[in-house]
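Each chain gets a letter, A, B and so on, in the order the sequences are listed, and its residues count up from 1.
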2 protein chains.
Amino acid sequence: MGAEGHADGTVGKALDVLDMVASHGRPVRFSDLLAQADYPKATLYRLLQTLTHQGMVSLDPDTGTYALGVRLVRLAHAAWAQSSLAPIARPYLDELAEKTGETIHLAQMDLGQVLYVDKRNAARPVEMFAQAGKVGPAYCTGVGKAMLAYLPPDALEAALARQSFYRHTPHTLASREALLAELQAIRDRGHAWDREEHEAGIICCAVPIRSRQGRVMGALSVTSTTARTTLDALGAQAPMIKDIAAQIAAAAESWRFPEQA
Amino acid sequence: MGAEGHADGTVGKALDVLDMVASHGRPVRFSDLLAQADYPKATLYRLLQTLTHQGMVSLDPDTGTYALGVRLVRLAHAAWAQSSLAPIARPYLDELAEKTGETIHLAQMDLGQVLYVDKRNAARPVEMFAQAGKVGPAYCTGVGKAMLAYLPPDALEAALARQSFYRHTPHTLASREALLAELQAIRDRGHAWDREEHEAGIICCAVPIRSRQGRVMGALSVTSTTARTTLDALGAQAPMIKDIAAQIAAAAESWRFPEQA
DNA sequence: CCTTTGGTTTCACTATTTGAAACTTAGTCT
DNA sequence: AGACTAAGTTTCAAATAGTGAAACCAAAGG
């Protein structure tokens, strides 16, 4: 049930179709897409043809199924590399991972959802594509709430409108009001908690990464389990996490303004 | 400069602009793009506005610069995950990396260029985004030649037309004729060499990954240096590499056809 | 052999895109 | 200041590109 508001122009429709292809985990047949979309047959067909011709989706000639094209992987590499945050934050994440020994997440906001752009796993080595690029909910994750708390009013409104407020655990803040109160608490405190709100047993401490002008660029979190540590112990590391977030922000900004007086 | 043939429709133009934004390593200003593109001002402006609105590029309000949007990272995650090759090949790459102790590349063909979709580095741990998603030339790399050698005539022709034949090293096959002869040799031999054709001191042995119907799905290579080993020593591992390539092909196909008699 | 299902093409109708030119800002120079 | 210039944004009639009902084709199944 794609609750799409208003796809602007042909390009919007094409990208909408691209998302539809992406939303299935596997290659999809034309008729599957037709059933899902509310575009007429011919229109959908032409859009897919264009996308295929452009390398954004690939049509398997044997099975007649569409999958996302390799051109996207190339574009994403560029997107990641030129994002002001991820490539610059890399060494800082390494440092934080080593100091804490816990799982580290670096996230950005994408249409009201949390997009993980980098990660350090406590146990295994980095698994970028398999981990980064994933999305999660904003209202019930540490990084999500940390970013929401510092969004300007209109952006916050837009983001809130996209939250499902599904109650993942008994601790989930499952209403707009509860979330707004929490956001105020986060602003007062300077960092966000995840008190097993998304997954039972998983807690985290997250801080926003903000530009000098106060714009939210992303968020950084240290995640652990109730089996291994407590909120208080995590909180003791908050100043260090904040410090690293500030360093990342500074590095990102000086990269974005290489020319200086 | 951009020798674009014929961008079909508005969508093609929009994606063309997306590529332009991607091609710069850093955020670009409107006028930079205007200079590079041969679209009129108003058209380019509208295209960028649409792309921005769609989250494919982001406009930094402070600097007035455009960068690729986070939506791409999310799409690429899906692209990588649903590609028939990369996620499935993962354990096989691990195995090959361990057995050989050398650098492993997994590549696919993208518009006449080689796109690296996964990698195992001999020394460091995996660095996916920083490595995968990169593109390289086809005519002077092991994986490139391995794929070219088994392409159907029309696809080969299209790919050849996109090769620059720049002489990277004294060993580079810098002409269409030399390359065609080499491709025949590869078909006879069953695997491709890179005899320091792209970078001095770097050699590799590559094999294609082909479906049962013979379609080229990708290529797999083991890379080393002349300081550490020789072509002959690498060649001794060719049967094993071929075997793993066959296993990957089989796994990819059974994944693509989960329903069976 | 006839029917169904899934995919591709046609073509008159229309909505979207186009781009020269006019208009704003925001700097810079004298 | 006031007059220039560069960079970005908006307008609007003309033209192009997109639309989608319906016809068509091919392969699978009865």
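Residues forming a side chain to side chain contact (heavy atoms under 4.5 Å, CB included) with A:Val114 (at least two apart in sequence, or on another chain): A:Ala107, A:Tyr116, A:Ala138, A:Thr141, A:Val143, A:Met147. Taking the side chain to side chain contact (heavy atoms under 4.5 Å, CB included) definition, one finds that A:Ser164 meets it with A:Tyr139, A:Tyr166, sequence neighbours left out. Contacts of B:Gln113 classified as side chain to side chain contact (heavy atoms under 4.5 Å, CB included), with partners at least two apart in sequence or in another chain: A:Arg74, B:Val135. Residues meeting the side-chain hydrogen bond (donor to acceptor under 3.5 Å, both in side chains) test with A:Gln184, sequence neighbours left out: A:Arg187, A:Asp188. Partners of B:Asp32 by side-chain hydrogen bond (donor to acceptor under 3.5 Å, both in side chains), not counting sequence neighbours: none found. Looking at residues two or more places apart in sequence or on another chain, you find no side-chain hydrogen bond (donor to acceptor under 3.5 Å, both in side chains) involving B:Thr10. Looking at residues two or more places apart in sequence or on another chain, you find a side chain to side chain contact (heavy atoms under 4.5 Å, CB included) between B:Thr50 and A:Asp8, A:Val11, B:Gln54. Residues that satisfy the salt bridge (charged side-chain N to carboxylate O under 4.0 Å, His left out) test with B:Arg71, not counting sequence neighbours, are A:Asp19.
Rounded to 10 degrees, the angle separating the terminal helix axes of the helix from C:dC1-D:dG30 to C:dA21-D:dT10, each built from five base pairs, is 30°.
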Check residues 150-159 of chain A and write down every donor-acceptor pair under 3.5 Å in which the side-chain atom is one partner and the other belongs to a residue at least two apart or another chain.
residue: A:Glu157; atom: OE1; partner: A:Arg176; partner atom: NH2; Å: 3.1
residue: A:Glu157; atom: OE2; partner: A:Arg176; partner atom: NH1; Å: 3.3
residue: A:Glu157; atom: OE2; partner: A:Arg176; partner atom: NH2; Å: 3.3

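Bracketed by its first and final contacts, the part of DNA chain D lying under 4.0 Å from non-hydrogen atoms of chain B reaches from D:dG8 to D:dG18 in 5' to 3' order.
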So which protein nitrogen or oxygen atoms get under 3.5 Å of nucleotides 6-11 of chain C's nitrogens or oxygens?
residue: C:dG7; atom: OP2; partner: A:Ser31; partner atom: N; Å: 3.0
residue: C:dG7; atom: OP2; partner: A:Ser31; partner atom: OG; Å: 3.0
residue: C:dG7; atom: N7; partner: A:Lys41; partner atom: NZ; Å: 2.8
residue: C:dG7; atom: O6; partner: A:Lys41; partner atom: NZ; Å: 2.8
residue: C:dT8; atom: O5'; partner: A:Tyr45; partner atom: OH; Å: 3.1
residue: C:dT9; atom: OP2; partner: A:Tyr45; partner atom: OH; Å: 3.3

